[in-house]
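Computation of the quantities below employed the complete heavy-atom set of this structure, encompassing side-chain atoms and omitting hydrogens, waters and symmetry-equivalent molecules. Chain letters run A, B, ... following the sequence lines, proteins first, then strands; residues in each count from 1. Please read these numbers as outputs of a predicted model, since none were measured by experiment.
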Protein chains: 2
Amino acid sequence: MISQKSKYALKALAVLAREYGKGPMLISEIANQEKIPRTFLELILLELKNQGLLHSRKGRGGGYFLAKPPQSISVGQILRMTGGPLALLPCVSKTAYRRCEECHDERTCGIRLVMKEVRDATAKILDATTLADLVKRGQLAALGRDALEFSI
Amino acid sequence: MISQKSKYALKALAVLAREYGKGPMLISEIANQEKIPRTFLELILLELKNQGLLHSRKGRGGGYFLAKPPQSISVGQILRMTGGPLALLPCVSKTAYRRCEECHDERTCGIRLVMKEVRDATAKILDATTLADLVKRGQLAALGRDALEFSI
DNA sequence: AAATAGTCTAGTAAATCACTTGACTTAATC
DNA sequence: GATTAAGTCAAGTGATTTACTAGACTATTT
Ligand code: FES
Ligand code: FES
């Protein structure tokens, strides 16, 4: 399971992707639209900014906006930035690798091999899906169409 | 990330799969082999027994053994039994479904659609991999061969 | 009867999560 | 240049979950 934090980040970024190119957006506006606790969202956006994903402007007329176009930001990236390891086990995580202390030999651990397969499949999907895709899917689904069509 | 509990369960069951047909095995023997805290392992095995995956015998010469052949127990099953939800979000979990309260409409939520894709890919792998596969992979890897070969 | 094993109910220390508080900085506008 | 509208940042906190442990009990074999 990913954390609320990661989920909030995805939602906030999806909103900003929808508004991309229309100037900065207020934290509180995003918070209201997506029902995210405002002060918590502040933390999250700040962190994403420090990682270079967002830019911000202070003072009146300020707010947040994407640092790059939505097509160049992947869901995988976002999850990794917000601390959500994609892997099911530490020993197969690229970003949060940690040895399994109880395992005698990592190279021959059957569990690890399977979990690595899962991790790779997960990463493939999440790294291939961009914020632009996320938004588009939502819109297509809203039109009642099959949301998978476009991904072919 | 799956819990230690789930990992321990997988390891213990893998051991029991290796010894399948050779009579019961002691908790303490499994615990020693896999470096699992003994009393914690007791809890885990008991739970798996109550779910029907294991049988046990008390008294001298007793211990635990698989209730079914290793080829008929999938890794996915085990993870679900030990409380590890496969999905990255509650709204796409089959076993631990919970609505996303902040999401306006589940059907058109782009995030959910992507996460569902991930869940399905994950479940496909984990439900197709049995304890027998797990053991076999470990053995093949130990021989220095490519562990993926056999799965074709 | 003695020894061997699993069963079951509690409890607990540590970590993590999901936030909140409040003081501070920067920028635009009047 | 004062006011107001924003983002920034460091701490703290309450609830929950995790990863166990303790200890008394039950069943089976020798
Ligand atoms: S090395 Fe991580 S599970 Fe074995
Ligand atoms: S419904 Fe679960 S993320 Fe939107």
Side-chain angles (χ1 to χ4, degrees), chain A residues 1-12 16 23-32 34-67 79 82-85 88-90 96 98 100-102, chain B residues 1-12 16 23-32 34-67 79 82-85 88-90 96 98 100-102:
Chain A
M1 289 273 180
I2 65 176
S3 58
Q4 282 288 97
K5 182 177 165 186
S6 288
K7 191 161 101 183
Y8 289 156
L10 285 174
K11 297 188 137 216
L16 289 172
M25 196 170 176
L26 299 182
I27 296 181
S28 48
E29 203 180 337
I30 303 172
N32 286 339
E34 300 296 321
K35 299 193 216 160
I36 303 171
R38 198 219 138 118
T39 53
F40 194 24
L41 184 58
E42 285 178 16
L43 280 190
I44 296 167
L45 294 181
L46 185 56
E47 204 178 324
L48 292 172
K49 179 199 162 157
N50 290 335
Q51 307 230 33
L53 209 60
L54 292 174
H55 287 325
S56 67
R57 244 208 306 278
K58 282 184 173 182
R60 167 169 283 195
Y64 274 101
F65 49 98
L66 294 184
L79 291 183
T82 52
L88 292 178
L89 283 178
R98 241 179 43 233
C100 285
E101 310 184 31
E102 343 76 61
Chain B
M1 287 272 181
I2 65 176
S3 59
Q4 280 289 99
K5 182 176 164 185
S6 288
K7 192 161 100 182
Y8 289 157
L10 285 174
K11 296 188 136 217
L16 290 172
M25 197 170 173
L26 299 181
I27 295 180
S28 48
E29 202 180 340
I30 302 172
N32 286 339
E34 300 296 319
K35 300 192 215 161
I36 302 172
R38 198 221 139 117
T39 52
F40 193 24
L41 184 58
E42 283 179 17
L43 282 190
I44 296 167
L45 294 180
L46 185 55
E47 204 178 324
L48 292 172
K49 178 198 163 158
N50 290 335
Q51 308 231 31
L53 209 61
L54 292 173
H55 287 325
S56 68
R57 242 204 311 274
K58 283 183 175 183
R60 166 169 283 195
Y64 274 102
F65 49 99
L66 294 184
L79 291 184
T82 52
L88 292 179
L89 284 178
R98 241 179 42 234
C100 286
E101 311 184 30
E102 344 76 61

Nearest heavy atoms of B/Pro37 and B/Tyr8, plus distance in Å: CD-OH, 3.7 Å
OP1 or OP2 of C/dT20 under 4.0 Å from side-chain N/O of A/Thr39: yes
Integer-rounded Å distance: C/dT25 P and A/Ile27 CD1: 18 Å
Below 4.0 Å: OP1/OP2 of D/dT8 and any side-chain N or O of A/Lys49: yes
Reported OH-to-CD distance for the pair A/Tyr64 and A/Glu42, which is rounded to 0.5 angstrom: 8.0 Å
Separation of atom CG in B/Leu45 from atom P in C/dA5, rounded to whole Å: 15 Å
Under 3.5 Å, which donor-acceptor pairs link side chains of residues 43-56 of chain B to any protein atom two or more places apart or in another chain?
from, atom 1, to, atom 2, distance (Å)
B/Glu47, OE1, B/Lys5, NZ, 3.1
B/Lys49, NZ, B/Ser56, OG, 3.0
B/Asn50, ND2, B/Leu46, O, 3.4
B/Gln51, NE2, B/Met81, O, 3.1

Exercise: identify the closest heavy-atom pair between B/Gln4 and A/Glu102: NE2-OE2, 4.3 Å
For the student: nearest non-hydrogen atoms of A/Pro24 and A/Gly61, plus distance: CG-O, 3.4 Å
Collect all protein-nucleotide pairs involving nucleotides 9-17 of chain C in which both atoms are nitrogen or oxygen and the distance is under 3.5 Å.
none

Nearest-nucleotide pick for A/Phe40, side chain only, options being C/dA18, D/dG7, C/dT7: C/dA18
Look for any protein N or O under 3.5 Å of an N or O in nucleotides 27-30 of chain D and output each such pair with its distance, or none.
from, atom 1, to, atom 2, distance (Å)
D/dA27, O4', B/Lys58, NZ, 3.2

Minimum heavy-atom distance A/Ile2-A/Leu10, with the two atoms named: CD1-CD1, 4.4 Å
A/Met25 CE to D/dG7 C1', straight-line distance once rounded to whole Å: 16 Å
For A/Ser3 against A/Thr82, the heavy-atom pair lying closest together: OG-O, 4.5 Å
Nearest-neighbour nucleotide for the A/Tyr8 side chain, C/dG6, C/dC19, D/dT8 considered: C/dC19
Value in whole Å for how far the C1' atom of D/dA11 lies from CD of A/Glu42: 15 Å
Straight-line distance of A/Leu66 CG to A/Met25 CE, nearest 0.5 Å: 11.0 Å
Gap between atom NZ of A/Lys7 and atom CG of B/Leu88 - 0.5 Å precision: 12.0 Å
Between C/dT7 (C1') and B/Arg38 (CZ): distance, integer Å: 12 Å
Between D/dT18 (P) and B/Ile44 (CD1): distance, integer Å: 13 Å
Phosphate contact (C/dT7 OP1 or OP2) by B/Ser56 side-chain N/O below 4.0 Å: yes
Contact nearer the 5' end of DNA chain D, comparing A/Leu26 with B/Lys5: A/Leu26
Rounded distance (Å) that lies between atom P of C/dA5 and atom CD1 of B/Ile30: 13 Å
Rounded distance in Å - CD (A/Glu29) to P (D/dA5): 16 Å
